[in-house]
Amino acid sequence: MKDHNLFVVGRTVQGESQIGYARVLENLRDLLLRSQNSVSLMGLHRMGKTSLMLTLDAEVKAGKYDKFLSVFVDINECRDLPQEGRTAYDDMLFQIVHELKRSLRRCPDFRDRPQAEVWQCIADFMAASPQSMLFRSSFKDVFEALAFDGWHVLLTLDEFDRAQDFFLSNADFELFRTLGRPEYQLSMVFISRRQLSRIEMGNCNNSTFFSSVTSIILKGFGAEDCAAYYQLLQDDYALDLSLAERKKLEYYAGTSPYLYSI
């Protein structure tokens, strides 16, 4: 029996506390890490969206996938910085590249064989003024240089609902649509509570941002997830719930992983 509580309440979960969602995780691995697609991961609050992507983020950073890097950014942390001439959108791009630098420094394969071209592209971006024409093109150059050397990046943008507040033009969304092209070798995940079509501002172009990603709606625990949950209770805590107890629990918890943890 376990002598500690695996069930996490109020925080993201990882490792052995990641219970259920085995099929969803495997689907995300197929789409993002094997097929190299981009995904819109939607669901209500506390359905486990962030925890799922932090699990994949940890797997990539642990070196489970050859020549993969992972970057995870919560865009709620992006701010307008007028003293530095940055908008929240600019700050988001800086945070992405900053986290990418950290991932590169932690990666043994990259440390052992550093690529001058990649570091130069990063330096060019960090030195570019957000008001210059080179700012966005140098941002794309970073991923192009990594792809040229055979690297693939998993980029997760959490709390993407807030994009509605600071993605101020069609070009803001178009930058990420461009990065979704195969030559950039970038798998992107946009975590939100609403559909991307509702977040993306109305535009008159036929080419829309939301149409270029695969949508996954996280609806909470199903029968398979509940079975894994009950099995864990029995194996790790010797709690074998009766059918009546399970029905009562399911009545109150519904499909919410958060409520099952409570």
_Under-4.0 Å salt bridge between Asp172 and Arg136_ =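 Salt bridge between Asp172 and Arg136, a charged N being under 4.0 Å from a carboxylate O: yes.
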*Do Arg79 and Asp91 sit within salt-bridge range, that is, some charged N less than 4.0 Å from a carboxylate O?*
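So Arg79 does not pair with Asp91 through a salt bridge.
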Could you grab the distance from atom [atom1] of [X] to atom [atom2] of [Y], nearest 0.5 Å is fine?
{"X": "Cys226", "Y": "Leu241", "atom1": "SG", "atom2": "CG", "value": "11.0 Å"}
{"X": "Ser187", "Y": "Leu56", "atom1": "OG", "atom2": "CG", "value": "10.5 Å"}
{"X": "Leu218", "Y": "Leu28", "atom1": "CG", "atom2": "CG", "value": "8.5 Å"}
{"X": "Glu200", "Y": "Gln195", "atom1": "CD", "atom2": "CD", "value": "12.5 Å"}
{"X": "Ile217", "Y": "Lys49", "atom1": "CD1", "atom2": "NZ", "value": "12.0 Å"}
{"X": "Leu41", "Y": "Met47", "atom1": "CG", "atom2": "CE", "value": "12.0 Å"}

How close do [X] and [Y] get, counting heavy atoms only, and between which atoms?
{"X": "Arg177", "Y": "Ser211", "result": "NH1-OG, 3.8 Å"}
{"X": "Arg193", "Y": "Asp161", "result": "N-OD1, 2.7 Å"}
{"X": "Leu259", "Y": "Tyr252", "result": "CD1-O, 3.8 Å"}

Can you confirm whether more than 12 heavy atoms, excluding those of [X], are under 6.0 Å from its [atom1] atom?
{"X": "Arg246", "atom1": "CZ", "result": "yes"}
{"X": "Leu44", "atom1": "CG", "result": "no"}
{"X": "Phe148", "atom1": "CZ", "result": "no"}

*Take Phe160 and Val189 through the test side chain to side chain contact (heavy atoms under 4.5 Å, CB included) and record every step on the way to the result.*
CA-CA 9 Å; Phe160 199 72; Val189 183; over 6 Å; no
Are [X] and [Y] joined in one hydrophobic group, where the rule is that I, L, V, M, F, W and Y side chains link up if heavy atoms are under 4.5 Å apart?
{"X": "Phe176", "Y": "Val213", "answer": "yes"}
{"X": "Ile191", "Y": "Phe167", "answer": "no"}
{"X": "Val142", "Y": "Leu69", "answer": "yes"}
{"X": "Leu175", "Y": "Ile96", "answer": "yes"}
{"X": "Trp151", "Y": "Leu154", "answer": "no"}

*Do the ring planes of Phe94 and Phe125 sit parallel (below 30°), tilted (30 to 60°) or perpendicular (above 60°)?*
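Tilted: the ring planes of Phe94 and Phe125 meet at 30° to 60°.
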*Given Tyr184 and Glu144, is the side chain to side chain contact (heavy atoms under 4.5 Å, CB included) satisfied, shown in steps?*
CA-CA 5 Å; Tyr184 290 99; Glu144 190 171 0; 4.1 Å; yes
*With side chain to side chain contact (heavy atoms under 4.5 Å, CB included) as the test, would you mind laying out the steps for Val153 and Ser70 before giving the verdict?*
CA-CA 6 Å; Val153 179; Ser70 185; over 6 Å; no
*Does a donor on one side chain sit under 3.5 Å from an acceptor on the other, for Gln231 and Asp235?*
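Yes, a side-chain donor-acceptor pair sits under 3.5 Å.
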*asked:* Can you see whether Thr50 engages Asp158 through a side-chain donor-acceptor pair at a distance of less than 3.5 angstrom?
replied: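 On atom types as modelled, these side chains qualify, holding a pair under 3.5 Å.
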*Decide yes or no on side chain to side chain contact (heavy atoms under 4.5 Å, CB included) for Tyr251 and Lys248, but give the supporting numbers first.*
CA-CA 5 Å; Tyr251 174 82; Lys248 184 175 182 180; 5.5 Å; no
Less than 4.5 Å apart, side chain to side chain, heavy atoms only: is that true for [X] and [Y]?
{"X": "Ile199", "Y": "Arg162", "value": "no"}
{"X": "His4", "Y": "Leu6", "value": "yes"}
{"X": "Lys67", "Y": "Asp149", "value": "yes"}
{"X": "Thr156", "Y": "Val71", "value": "no"}

*asked:* Tell me every residue that passes salt bridge (Lys or Arg N to Asp or Glu O under 4.0 Å) with Asp90, counting only those two or more places apart in sequence or in another chain.
replied: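 In terms of salt bridge (Lys or Arg N to Asp or Glu O under 4.0 Å), with neighbours along the sequence ignored, Asp90 is linked to no residue.
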*asked:* Could you work out, with salt bridge (Lys or Arg N to Asp or Glu O under 4.0 Å) as the rule, every residue matching Arg102, not counting sequence neighbours?
replied: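 Applying salt bridge (Lys or Arg N to Asp or Glu O under 4.0 Å) to Arg102 gives Glu99.
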*Close aromatic pair by centroid cut-off 6.0 Å: Tyr229 and Tyr260*: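 Distance test on ring centres: under 6.0 Å, yes.
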I'd like to know if the side chain of [X] reaches the main chain of [Y], judged simply by a donor and an acceptor atom lying under 3.5 Å from each other, with no hydrogens or angles considered.
{"X": "Asn76", "Y": "Glu159", "result": "no"}
{"X": "Ser40", "Y": "Ser215", "result": "no"}
{"X": "Ser261", "Y": "Pro257", "result": "yes"}
{"X": "Ser138", "Y": "Asp141", "result": "no"}

_Residue pairs, two or more places apart or on separate chains, that pass salt bridge (Lys or Arg N to Asp or Glu O under 4.0 Å) and touch residues 50-62_ =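 Qualifying pairs: Arg29-Glu59, Asp57-Lys61.
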